[in-house]
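We count ligands from 1, going down the list as the structure has it; atoms in each ligand are counted the same way.
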Amino acid sequence: MAIRPILIHPDPRLKKVCPPVEAVDDEVRRVADDMLETMYAAPGIGLAAPQVGVLRRIFVMDCNRSDAGKEPVICINPEIVATGAERVKTEEGCLSIPEVYDEVERFETLTLRFLDRDGAVVERPLTGQWSICAQHELDHLDGRLFIDYLGAVRRTMITIRMKKLKREKARG
Ligand code: NI
């Protein structure tokens, strides 16, 4: 496994609609395993493939905050098959938009269908932070960032801040 560099907004690769994974093979597993390692190292609770420059429908997450241990989840070709009626507004952040947090409204519960690391179809009900995280990561696969839900002025300010951050990083 290896830690991969995380793309910082703005980047054209973060704006793409990613095509599905055609077969869950060793290459896909390698990407997913690297994504988990990258997410834990960041640290973060979710990471989508385009954030490491891989334009495929894969994301990983682990919203387990207890001391009971890690609960890594790999979602390949994920889709929401059902949602609850309730919506919740919570503060979100993104590893591609460091140190920026803002409120976004999401479904509180949903059922996610995806292929797991072995290519098996899984249908999993998600609630609370797991549900919110899945919606945030699924958005990434469609080229959508959480700041796209914010007002245009706020979004522009954040983008300017990120461009400055990238210039500073490039200078080293
Ligand atoms: Ni994100």
State plainly whether the residues Glu123 and Arg113 are in salt-bridge range, i.e. N to O under 4.0 Å.
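Yes, charged N to carboxylate O under 4.0 Å.
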Please check if the side chain of Thr83 supplies one atom and the backbone of Leu110 the other of a donor-acceptor pair under 3.5 Å.
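No, because the side chain of Thr83 does not come within donor-acceptor range (under 3.5 Å) of the backbone of Leu110.
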Please confirm whether the backbone N or O of Arg124 pairs with a side-chain atom of Thr111, one donor and one acceptor, at under 3.5 Å?
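No; judged by distance alone, with no hydrogens or angles, the pair does not exist.
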Taking a hydrophobic cluster as the set of Ile, Leu, Val, Met, Phe, Trp and Tyr residues connected by side-chain heavy atoms closer than 4.5 Å, whether directly or through intermediates, do Leu55 and Val52 fall within one such cluster?
no
Distance, nearest 0.5 Å, that separates CG of Leu145 from CD of Gln51:
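Separation between the atoms: 8.0 Å.
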Pair Asp102-Tyr149, side-chain donor/acceptor within less than 3.5 Å
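Checked: Asp102/Tyr149 side chains show no N/O donor-acceptor pair below 3.5 Å.
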For the Ni ion (ligand 1), count the protein N, O or S atoms found under 2.8 Å away.
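Of the protein's nitrogen, oxygen and sulfur atoms, 3 lie under 2.8 Å from the Ni ion (ligand 1).
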